[in-house]
There are 2 protein chains.
Amino acid sequence: MSKASDRSKKTNGDNYHHGNLYGSLLQCATEIIRDGGVEALSMRKLADRVGVSRTAPYHHFKDKNELLCAIAEQGFQRQEMLLLQLKESDQQDLSQQFADYVHTYIQLAHENREQYDLMFGREIWRNSEPTASLQKLSRQHFQHWLNWIDKLQQKSILRSTDSALRTAQVTWATLHGICRLLNDGVYTEESNVQEIGEAAVQMMLSN
Amino acid sequence: MSKASDRSKKTNGDNYHHGNLYGSLLQCATEIIRDGGVEALSMRKLADRVGVSRTAPYHHFKDKNELLCAIAEQGFQRQEMLLLQLKESDQQDLSQQFADYVHTYIQLAHENREQYDLMFGREIWRNSEPTASLQKLSRQHFQHWLNWIDKLQQKSILRSTDSALRTAQVTWATLHGICRLLNDGVYTEESNVQEIGEAAVQMMLSN
DNA sequence: ACGATATTTTGACACTGTCAAGATTCATTG
DNA sequence: CAATGAATCTTGACAGTGTCAAAATATCGT
């Protein structure tokens, strides 16, 4: 007890090893980003808040980028959940189901704005290289969207003027554009979000 | 000549005063951003490249943010030009005129991707405060778009299911979404840009 | 108990934005 | 022309960043 108690500052009851640094880092980083955006997250502050030294995180994440990718992945998983829940819902009206998705998408992107920016922002996709697993998740996600669009076209809920791929791209871009303009602070009036989403649905539906 | 020649390093032929630092900074910064994005621009490197000391730029731009805003403003002015040229074009078919705008918008956003990101990105609109003049320019720009949308609705080129404001917001969001996905590197295949734009037009037009 | 391996730390480097104080030049008076 | 005040530019400094290398410590399989 003599050695351990007076030689180091960190071995005072807590272990030298953190135990679950990976998880702690991920969670803490997610919180920091949720509260203050990506630019509020620094590896040093993160390490400090978790209670380890500056470079400790680098043994669990090769890069800052790798950390960000991991956080983005969680966002995609949540998004995936959303699509699944909708498919299993009791909503039989497919038009309404589509409208529901649009509204939920916008709402979710707004509630988790910083994570959303990470998922589709230049920080990861342009400035750095997205992780292999993140790329995979992202592709899967779009594929599911594409499949759904295809189905909606076949049932004439959506127009078939263009191919399923093009339609999927454009409709998604519309959703994405709305979310970006809101999240980035270009649209400041958040009160009309609902109406904007509704107008988007009107534009996309075939009627 | 004795005093001036051996006392300082900078007074060796060139003037101590740069002459047009403001302009040089703006131009050089624009180039740096065009080539390497916002994150490639540092005040220090910029000053170095222009040939002045680190803090010289701060006598012409209060902030790095103020510099960025100035660059963004130029982007808006170019965008404004675009709309004006279209109105004065000889294209009489309003649907086609609208389609032309969409394609030019996407093309321009792609050619000046970094500047576009600056114009509508979080860097300025969320992380910092946009300059008063930038805000004004931005509002004007949207107002012109809104007026046009209104006109197109009255001539039944665009559906009037929703108000002009909502329609303007959603159509613009669609354009913006496409450009963001391309610029941010989420869509990597640039070969289909034309087709995507075409599909967007199809979705927006009333027919 | 020992040696390999995983984990964490300290030190260091090259960057960044920007503030404060001093130096230099310019423009405008007297 | 000389002097004074304003504009402009420089040097020094501070706190912060990501991340590499080498050393320290802990854990685990033998």
Side-chain angles (χ1 to χ4, degrees), chain A residues 1-26 28-29 32-33 36-70 123-124 127-129, chain B residues 1-26 28-29 32-33 36-70 123-124 127-129:
Chain A
M1 65 170 66
S2 61
K3 267 187 173 183
S5 61
D6 60 348
R7 179 166 292 180
S8 78
K9 304 166 188 172
K10 282 293 169 189
T11 319
N12 54 356
D14 298 322
N15 291 336
Y16 178 83
H17 279 211
H18 183 282
N20 184 21
L21 228 198
Y22 184 91
S24 297
L25 288 170
L26 203 57
C28 189
I32 292 179
I33 286 180
V38 209
E39 34 287 305
L41 175 70
S42 90
M43 295 299 268
R44 296 171 102 109
K45 261 191 284 188
L46 172 62
D48 196 51
R49 188 177 299 195
V50 172
V52 294
S53 78
R54 298 143 260 160
T55 60
Y58 285 87
H59 293 88
H60 300 271
F61 299 94
K62 161 181 161 260
D63 252 348
K64 183 178 187 180
N65 178 58
E66 206 167 282
L67 211 192
L68 296 180
C69 285
E123 178 81 47
I124 285 179
N127 293 345
S128 308
E129 287 259 313
Chain B
M1 63 170 67
S2 61
K3 266 186 168 181
S5 62
D6 59 345
R7 180 166 290 179
S8 79
K9 303 166 189 172
K10 281 292 168 191
T11 320
N12 55 354
D14 298 323
N15 291 335
Y16 178 82
H17 278 212
H18 182 283
N20 184 20
L21 228 196
Y22 183 91
S24 297
L25 288 171
L26 202 56
C28 189
I32 292 178
I33 286 180
V38 210
E39 33 287 306
L41 175 70
S42 89
M43 295 299 268
R44 296 173 101 111
K45 263 191 281 187
L46 172 62
D48 197 49
R49 188 177 298 195
V50 172
V52 294
S53 77
R54 298 142 260 161
T55 60
Y58 285 88
H59 293 89
H60 301 271
F61 299 95
K62 161 181 160 261
D63 252 348
K64 183 178 186 178
N65 179 58
E66 206 167 282
L67 212 192
L68 296 180
C69 285
E123 178 81 48
I124 285 179
N127 292 344
S128 309
E129 287 258 313

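Numbers restart at 1 for each chain; the letters A, B, ... are given by sequence-line order, proteins then strands.
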For [X], check side chain to side chain contact (heavy atoms under 4.5 Å, CB included) against everything at least two apart and list the hits.
{"X": "B:Glu129", "answer": "none"}
{"X": "B:Asp48", "answer": "none"}
{"X": "A:Ser53", "answer": "A:Thr55, A:Ala56"}
{"X": "A:Ser42", "answer": "A:Arg44, A:Lys45"}

I need the [atom1]-[atom2] distance between [X] and [N], as an integer number of Å.
{"X": "B:Tyr22", "N": "D:dC9", "atom1": "OH", "atom2": "P", "answer": "14 Å"}
{"X": "B:Lys64", "N": "D:dG16", "atom1": "NZ", "atom2": "C1'", "answer": "14 Å"}
{"X": "A:Tyr58", "N": "D:dC20", "atom1": "OH", "atom2": "C1'", "answer": "10 Å"}
{"X": "A:Leu25", "N": "C:dT7", "atom1": "CG", "atom2": "C1'", "answer": "12 Å"}

Shortest non-hydrogen contact from A:Ala40 to A:Ile32?
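Nearest heavy atoms, A:Ala40 then A:Ile32: O-CG2, 3.6 Å.
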Residues in contact with DNA chain C, drawn from residues 36-47 of chain A - heavy-atom cutoff 4.0 Å:
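Heavy-atom contacts with DNA chain C come from A:Arg44.
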Check: A:His59 side chain, C:dT8 base, donor-acceptor under 3.5 Å:
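Per atom types, the contact qualifies.
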Look at the side chain of A:Thr55 against the base of C:dT8 and say whether a donor-acceptor pair falls under 3.5 Å; ignore hydrogens and angles.
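Per atom types, no contact qualifies.
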Counterpart residues, salt bridge (charged side-chain N to carboxylate O under 4.0 Å, His left out), relative to A:Glu39 (two or more places apart):
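Listed in chain order: B:Arg122.
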Looking only at side-chain N and O atoms, does A:His60 come under 4.0 Å of OP1 or OP2 in C:dA6?
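No, outside the criterion.
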